[in-house]
Amino acid sequence: MNLQFLGAAHTVTGSCYLLETNDHKVLIDCGMFQGGRTLRDLNYNDFRFVPADIDCVLLTHAHVDHCGLIPKLCKQGFKGSIYATKATCDLVNIMLPDSAHIQEADAQITNRKGQRMGKTPIAPLYTIDDAMASLKQFVPINYDEEIEPVSGIKAIYRDAGHILGSSIIELYVTENGEETKLVFTGDLGQPNQPIIKDPTYIKDADYLIIESTYGDRKHEVYDKETALAEIVNDTMDRGGNLIIPSFAVGRTQTMLYYLFKLWKAGRIDDTSIVVDSPLAVEATRIFAKNIHYFDEEAIDYLKKHGKLPEMPQLRMCESAEESKALNSDIGSKIILSASGMADAGRVLHHLKHNLWRPESTILFVGYQAEGSLGRRLLDGAKQVKVMGEEISVKARIVNMDGFSAHADYMQIEEWLQHLTMNNAQQVFVVHGEATAAKAIKEMVLDEFGWNAYIPYYADRAIMTKTTCEIKEANIPQVAVQKDMEDFFMDIDSSYRQFRRRIINMVVKNPELMPAAIRTTEKGWRYVKRLFKDFGIS
């Protein structure tokens with residue numbers, strides 16, 4: 001059999017792996033590439049296989065970077081079943097149509113601009129009709145239930161502790177009279193999250209495909225409830241609004257749980273709480289009806305104190321009109337709105353109306369990517385452009401770390417300590433940027449003595465129970481090269497301007513030249529140290 005890595009290879013997005021045996025082709029995840037233009041453009045490439053030839057899809061969870069290309073797959077001829085936990089099936093019922101709506105809207109905007117330039121109209125990646133049609137192929141299964149999606153392959157889904165319904169998939173493949181066990185972690189969750197159970201420990205495997213999103217970091221541990229209570233009470237005392245940019249699935253429900261507990265304990269007042277994101281509203285309803293998937297602590301608490309999200313001061317804001325009206329309401333409130341990085345969605349309206357208010361607070365509870373509005377605010381920007389308008393930043397900007405749903409370096413290490421690797425003892429490190437994946441690879445090699453490899457896009461592993469041969473694809477990434485060249489051109493332009501200013505300063509003040517040279521040399525040494533992790537010196 002062989003395993004091909006068609007996504008989440010040297011990147012944290014686009015999860016997709018093709019497993020081929022003598023008789024079958026099985027896809028594990030079929031995710032959308034998210035992020036910069038180069039990554040997004042990969043979504044429009046042809047699949048590196050014939051969709052009609054795929055026998056089935058095994059889906060780890062409902063995040064779009066793991067399931068977002070399923071409608072495209074089905075549209076192009078895949079007719080088989082898509083196996084996922086029941087909670088994942090509930091979530092994809094809202095996630096995929098929402099993704100399709102975005103595809104249609106983006107295509108409409110692009111075509112409107114392109115029409116004025118005489119460009120040929122483009123079609124969306126897929127439509128809402130395509131998404132709805134793909135949902136008919138989903139087959140819900142239970143955790144810990146053994147299924148046989150195709151002859152010769154058995155699968156068991158274990159709780160990955162990442163989001164509701166997320167799974168680690170144990171695959172038992174029988175080929176040429178021998179059974180080989182592969183384990184796909186999907187996205188491995190951070191232990192001790194509210195609501196979500198801890199990741200299941202896996203006893204053994206011949207091959208392990210493990211994520212590494214936070215493989216080079218350690219989550220901060222502190223009393224999140226107390227920190228949140230202080231932020232809420234401080235903002236309400238000042239008469240402002242608390243705006244929380246929050247991812248619709250997972251993070252919004254976590255924040256509601258914390259607010260529910262604080263309110264029940266009398267640590268915050270009956271402050272109006274608003275969930276302003278149609279997707280988050282639907283996801284919250286799915287969480288509420290799937291309480292049996294919660295961890296014991298959350299179940300016990302909710303049995304004693306009431307269901308989530310039953311708070312009289314909570315409003316679920318669904319229509320655009322309701323959303324707009326929030327910014328003319330009198331009184332302070334807490335608004336949870338997507339997107340979590342403040343780069344799109346309804347939260348932009350709330351930022352536009354609150355960033356300039358010194359009495360308001362903007363609270364970030366998730367990772368803010370480089371270049372996002374959220375990152376610029378956390379980096380201390382004094383003025384930002386929101387929806388085409390320049391806004392002065394006077395509100396309090398706060399970041400609460402440690403809410404990630406991904407396991408960090410120490411937590412991945414602890415999870416691995418429960419695993420015995422048999423026979424081939426081969427680990428593939430995926431779903432991580434270069435430094436994060438490298439950190440996990442080195443840990444696997446140094447601490448456990450197992451074979452470890454970080455695959456590139458389209459690399460292939462030829463496997464038996466005891467042997468593994470890596471076939472590198474060596475696909476030229478021309479677009480990546482161009483993007484890097486464009487990036488360095490921008491850096492070079494800024495450097496030339498900065499250099500000119502330094503030279504002018506020294507010409508006017510010759511006595512500053514030694515200090516300027518020493519500072520420049522110090523900066524250059526620091527830059528070179530940064531790139532040692534990439535093997536560049």
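Excluded from the calculations below are hydrogen atoms, water molecules and symmetry mates; all remaining heavy atoms, backbone and side chain alike, are included.
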Quiz item: Where does the angle between the aromatic ring planes of Y457 and F33 fall among parallel (under 30°), tilted (30 to 60°) and perpendicular (over 60°)?
Solution: perpendicular
Quiz item: For H431, does its backbone N or O pair with a side-chain atom of T213 as donor and acceptor, under 3.5 Å?
Solution: yes
Quiz item: Between the side chain of E170 and the main-chain N/O of R158, is any donor-acceptor distance below 3.5 Å?
Solution: no
Quiz item: Does the Q253 side chain pair with the main chain of A248, one donor and one acceptor, at a distance under 3.5 Å?
Solution: yes
Self-check item: Approximate separation, where rounding is to 0.5 Å, of I28 CD1 and F184 CZ
Solution: 4.0 Å
Quiz item: So, N399 and D401: side-chain donor and acceptor under 3.5 Å apart, yes or no?
Solution: yes
Quiz item: Are T180 and D206 linked by a side-chain donor-acceptor pair shorter than 3.5 Å?
Solution: no
Practice problem: Using atom types as modelled and distance alone, determine if a side-chain donor or acceptor of E447 lies under 3.5 Å from a backbone N or O of M443. | Solution: no
Quiz item: side chain to side chain contact (heavy atoms under 4.5 Å, CB included) between M95 and L279: does it pass, once the steps are laid out?
Solution: CA-CA 8 Å; M95 299 288 280; L279 184 61; 4.1 Å; yes
Quiz item: Are E414 and Y201 linked by a side-chain donor-acceptor pair shorter than 3.5 Å?
Solution: yes
Exercise. Start with the C-alpha distance between L96 and S134, add both sets of side-chain angles, then the distance that settles side chain to side chain contact (heavy atoms under 4.5 Å, CB included), and finish with yes or no.
Key: CA-CA 9 Å; L96 292 181; S134 71; 4.0 Å; yes
Self-check item: Sidechain-backbone polar pair: K181 side chain, D204 backbone, donor-acceptor under 3.5 Å
Solution: yes
Quiz item: What do you reckon, is OH of Y453 surrounded by more than 12 foreign heavy atoms closer than 6.0 Å?
Solution: yes
Quiz item: Are any side-chain N or O atoms of E104 and backbone N or O atoms of T127, one a donor and one an acceptor, separated by less than 3.5 Å?
Solution: no
Quiz item: Can you say whether the rings of H61 and H63 are parallel (under 30°), tilted (30 to 60°) or perpendicular (over 60°)?
Solution: perpendicular
Quiz item: Which distance, rounded to the nearest 0.5 Å, do you find between the CD1 of I210 and the CG of D187?
Solution: 11.0 Å
Practice problem: Take atom CD of E318 as the centre, draw a 6.0 Å sphere, and report whether it contains more than 12 heavy atoms from other residues, nucleotides or ligands. | Solution: yes
Practice problem: Can you establish whether the number of heavy atoms outside H101 located under 6.0 Å from its atom NE2 is more than 12? | Solution: no
Practice problem: Count the heavy atoms of every other residue, nucleotide or ligand shown that sit under 6.0 Å from CG of D46, and state whether that count exceeds 12. | Solution: no
Quiz item: Is it true that R346 and D276 make a salt bridge, defined as a side-chain N closer than 4.0 Å to a carboxylate O?
Solution: yes
Exercise. Please step through side chain to side chain contact (heavy atoms under 4.5 Å, CB included) for the pair K289 and D90, ending with a clear verdict.
Key: CA-CA 10 Å; K289 77 175 187 179; D90 285 345; 3.5 Å; yes
Self-check item: Y409 side chain near I440 side chain, heavy-atom distance below 4.5 Å
Solution: yes
Quiz prompt | Residues R460, E20: salt bridge by 4.0 Å N-O rule | solution = yes
Practice problem: Determine, for F47 and K72, whether the Lys NZ or Arg CZ falls below 6.0 Å from the six-membered ring centre while staying within 45 degrees of the axis. | Solution: yes
Quiz item: Would a distance-only check, ignoring hydrogens and angles, find a side-chain to backbone donor-acceptor pair under 3.5 Å from D408 to H219?
Solution: yes
Quiz item: Should we count NZ of K465 as having more than 12 external heavy atoms under 6.0 Å?
Solution: yes
Quiz prompt | Note: D459-K471 ion pair, threshold 4.0 Å (strictly below) | solution = no
Quiz item: According to the interplanar angle, ranging from 0 to 90°, do the rings of F5 and Y17 count as parallel (below 30°), tilted (30 to 60°) or perpendicular (above 60°)?
Solution: perpendicular
Practice problem: For D98 and I94, indicate whether the former's side chain and the latter's backbone hold a donor-acceptor pair under 3.5 Å. | Solution: no
